[in-house]
Structures are given as structure tokens and as C-alpha cells.
Amino acid sequence: MTSFEIEQKYRIKRPGEIRSILKKIKAKKIASGKEINEFFDHKGSLRSKKIALRVRRYDGKSVLTLKGPRLRSAYTKRMELEMSVDYHSIRRILTLSGLKPFMKYQKFRELYRLGKADIALDKLNRFGWFLEIEGTVREISRVAKALGLKDSDRERRSYLGMLFNWKCS
């Protein structure tokens, strides 16, 4: 079974205003804290196919994610498979399988839920504040409108693209 992620990232200037609007529109805050993202590859074989294999640690949990290349869509769309894992066990499995950690970054994340949309308010050192909305195209548009976000606020680069000057098409 293949799953797809549809999301859009927006650059924001006033996170306090966004938090106020999220509260006003009854978005439920799920978690907040430091998030650590670690990427694995074997001699660039995944990256050459525009595939990302990531272990994310956040809110006391670890998740293994495989993301495919971006697909044509109004928003960012790609194949995504995720599963909860034990961090130390999966890291050992990956390295014993010949995969090596090659990149790591962290950010501060606040996670919200509104209807069927997941909303992440992120602070990335050196780059500032961002808001990601994940859901259907309709949900993303609805939430973006409720938050007063415009097309000109969209950030088309991934965090990897921003941090490491990657071309993530």
C-alpha cells in the first residue's frame, strides 16, 4: 500500500499571531518541543533517486520515514511511508544494513490538529519561523485561508534544501 503526503510550508513573521488564530479557530495543540531529524543513505544511492530515509525523534517518540521524490501537485506531494520505531534498535538495524547517517538537524516544533489537517509551527535556527499544513488540497487551502496566509508566503524549499542548499524537486 502506498501512502501520499500532501503539505505546504509557509514562511511566517509573527508566530504569536498564528498561535492566537489557531486558538481562535479551535485547533488542538498536540505537542511541542525539540525535534531531531537524522538522515541515512548508502553512498548517495537514495539521494540520487530523490528519496529520503529519516529517523525523527520528537515528543519522546521515534518515527522512521521513507519519502519519495516530489510529484506534480498544487502543493508538495510525495510518497511517504512512516512507522513508529525504537530509536536505538532502528539505528542499529540501518547501520548494520550498510546505511550511514549523513545529515542531522534539529528544530523546535509545535504540533496542532484542526479537523483532518495537521499543522506544525516550526522554528529553524538561522531561517526563522515556518508553518506546515498537511492534509488534502482542500484542507490545506481552508486552513491557510483561516490563518491569513497568502500564496506569496509559501516556502517551496524543503528544510533540507534550505539548510544544505539541496535541490529537492
Derivation and outcome, side-chain contact (heavy atoms from CB on, under 4.5 Å), residues Leu94 and Leu53:
CA-CA 10 Å; Leu94 293 173; Leu53 182 62; 3.9 Å; yes
If the condition is side-chain contact (heavy atoms from CB on, under 4.5 Å), which residues does Lys150 pass it with, not counting sequence neighbours?
Ser152, Asp153
Between [atom1] on residue [X] and [atom2] on residue [Y], distance to nearest 0.5 Å:
| X | Y | atom1 | atom2 | value |
| --- | --- | --- | --- | --- |
| Arg11 | Glu155 | CZ | CD | 5.0 Å |
| Leu163 | Gln106 | CG | CD | 11.0 Å |
| Arg109 | Lys34 | CZ | NZ | 15.0 Å |
| Ser20 | Glu17 | OG | CD | 7.5 Å |
| Leu66 | Leu46 | CG | CG | 7.5 Å |

Qualifying residue for side chain to side chain donor-acceptor pair (under 3.5 Å) with Tyr87, from Glu38, Lys61, Arg56:
Glu38
Closest approach of [X] to [Y] (non-hydrogen atoms, all atoms of both residues):
| X | Y | answer |
| --- | --- | --- |
| Lys9 | Ser158 | NZ-CA, 3.6 Å |
| Arg47 | Asp41 | N-OD2, 3.0 Å |
| Lys123 | Lys107 | O-CB, 3.4 Å |
| Phe40 | Arg91 | CZ-CG, 3.9 Å |
| Ile51 | Gly68 | CG1-CA, 4.4 Å |
| Tyr105 | Leu160 | CE2-CD2, 4.0 Å |

Stepwise side-chain contact (heavy atoms from CB on, under 4.5 Å) check, Ser62 with Arg57
CA-CA 4 Å; Ser62 296; Arg57 289 182 287 158; 3.3 Å; yes
Please name all residues satisfying salt bridge (charged side-chain N to carboxylate O under 4.0 Å, His left out) with Arg19, sequence neighbours left out, ordered by chain then number.
Glu110
Holding to salt bridge (charged side-chain N to carboxylate O under 4.0 Å, His left out), I want the full list of residues that pass it with Glu7, two or more places apart in sequence or in another chain.
none
So, Glu139 and Lys116, do they make that salt bridge, N to O below 4.0 Å?
no
Are any of the side-chain nitrogens in Arg54 or Glu82 under 4.0 Å away from the carboxylate oxygens of its partner?
yes
Find out if a path of hydrophobic residues (ILVMFWY) with successive side-chain heavy-atom gaps under 4.5 Å connects [X] to [Y].
| X | Y | answer |
| --- | --- | --- |
| Leu81 | Phe4 | yes |
| Met79 | Leu64 | yes |
| Phe127 | Phe39 | yes |
| Ile90 | Met83 | yes |

Run the numbers on Lys50 and Arg78 for side-chain contact (heavy atoms from CB on, under 4.5 Å), then give the verdict.
CA-CA 11 Å; Lys50 299 185 187 230; Arg78 65 182 75 199; over 6 Å; no
Take atom CZ in Arg92; do more than 12 heavy atoms of anything else shown fall under 6.0 Å from it?
no
Who else is in the cluster with Ile36 when I, L, V, M, F, W and Y are joined by side-chain contacts under 4.5 Å?
none
Residues that, via side-chain heavy atoms closer than 4.5 angstrom, fall in one hydrophobic cluster with Leu121:
Ile6, Tyr10, Ile12, Ile18, Ile21, Leu22, Ile25, Tyr75, Phe108, Tyr112, Leu114, Ile119, Trp129, Leu131, Ile133, Val137, Ile140, Val143, Leu147, Leu149
May I have all residue pairs that pass ring pair (Phe, Tyr, Trp, His ring centres under 6.0 Å) and include part of residues 137-160, sequence neighbours excluded?
Phe130-Tyr159
